[in-house]
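The chains referred to below are lettered A, B, ... by the order of the sequence lines, with proteins before strands, and numbering in each begins at 1. These numbers were taken from a predicted model, which means no experiment stands behind them.
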2 protein chains.
Amino acid sequence: MNIGQAARASGVSAKMIRYYERVGLLSPAGRTRAGYRVFSDDDVHALRFVRRARDLGFPVADIVQLLSLWRDRDRESGKVKELARAHLTELRAKMQELQAMAATLERLVTSCDGDERPSCPIIDELADDA
Amino acid sequence: MNIGQAARASGVSAKMIRYYERVGLLSPAGRTRAGYRVFSDDDVHALRFVRRARDLGFPVADIVQLLSLWRDRDRESGKVKELARAHLTELRAKMQELQAMAATLERLVTSCDGDERPSCPIIDELADDA
DNA sequence: GCTTGACCTTGCCATTGTGGGAACCTTCAG
DNA sequence: CTGAAGGTTCCCACAATGGCAAGGTCAAGC
């Protein structure tokens, strides 16, 4: 099948399939004589794998590892778990950053009257000379 | 003062000061005859404002608005509050995305033995044929 | 006055993953 | 044969930040 069909079958856009190939996440697809990429069912399977990993927020670099572990019949599940755990730690760190911002912002939003008058604790805190 | 001093005084890197000027967040700084940018205390004050807003995760486009509201003696605090509230909504949305990923990932990590054997629910779920 | 080091200038490259569009070629159906 | 749909590559853009390189400037010390 060609790239459009593979895209529809996998849920990965044609654009991204080309990108993944370019950055080495996927090995170069075969080509017809005219230069069209050709995909097998296995390729589509791999694309779905990639999409699911992306949906979990794994960066492309991690997915390279995950794909290789997936294909390794002798993998140690410990390695997969380590990757996942490290990523989970990343996610939690980002969540905490956002959480901290949100907490401050919430406090400010709550304390601001938000009417037609200029007095505004939000602006005041941003402009704080301290 | 020159850009390095302004950077140290504001906590915004020289690189970012130039960037903010280039993208129109800050009006172009004055220059010495030699072409060095010159900053006033007011400029530094604005830079600190920008840094605090960035620390709260406001995108540059929002900060353009916030700066203009800060300078507007007749601002309506309602407009500030609206900006802040919209950003807070964004933050919460991102947190929820991350939260969903983290929840799935946590379930998977917990269910994986993570030893030297290949069996791995994490890989299984990513590769799921369903 | 000259050298040296610190600091300034601009400009380009990289990041991360995704989309948009142009210019051009291929395939297939009518 | 022609036209539509879809493939190809390449460039651009996003957001915000850092790094590096080549070159100009300034101030201090000799």
Taking only side-chain nitrogens and oxygens of Arg31(A), does any of them come within less than 4.0 Å of OP1 or OP2 of dT26(C)? no
Using 30° and 60° as the class boundaries, would you call the ring planes of His45(A) and Trp70(A) parallel, tilted or perpendicular? perpendicular
Nearest whole Å is fine: how far is dT9(C) C1' from Arg37(B) CZ? 8 Å
Which whole-number value in Å describes the distance from Met16(B) CE to dG18(D) P? 7 Å
Measure the distance from CD1 on Ile63(A) to C1' on dT18(C) and round it to the nearest whole Å. 14 Å
Separation of dA15(D) C1' from Arg18(B) CZ (nearest whole Å): 19 Å
Is it true that Ser119(B) and Asp113(B) share a donor-acceptor pair across their side chains at a distance under 3.5 Å? no
Could you state the NZ-P distance from Lys94(B) to dG17(C), rounded to the nearest angstrom? 16 Å
Under-4.0 Å side-chain N/O to phosphate OP1/OP2 contact, Tyr19(A) with dG19(C): no
Arg31(B) bridged to Glu21(B) by N-O distance under 4.0 Å: yes
First of Arg54(B) and Arg33(B) reached from the 5' end of DNA chain D, by closest nucleotide: Arg54(B)
Starting at the 5' end of DNA chain D, which residue's closest nucleotide do you reach first, Thr32(B) or Pro59(B)? Pro59(B)
Nearest 0.5 Å, what's the CG-CG distance between Leu108(B) and Leu56(A)? 6.5 Å
Using a heavy-atom cut-off of 4.0 Å across all strands, would you classify Val23(B) as base, sugar-phosphate, or nothing? nothing
Give the rounded distance in Å between these two atoms: CG of Asp62(A) and C1' of dT15(C). 16 Å
Separation of Glu21(B) atom CD from dC8(C) atom P, in whole Å? 14 Å
Does the base of dG24(D) carry an N or O that pairs as donor and acceptor with the side chain of Tyr36(B) under 3.5 Å? yes
How close or far is atom P of dG18(D) from atom NZ of Lys15(B), stated in whole angstroms? 9 Å
Measuring from atom CD of Glu97(A) to atom CZ of Arg92(A), what distance do you get when rounded to the nearest 0.5 angstrom? 15.5 Å
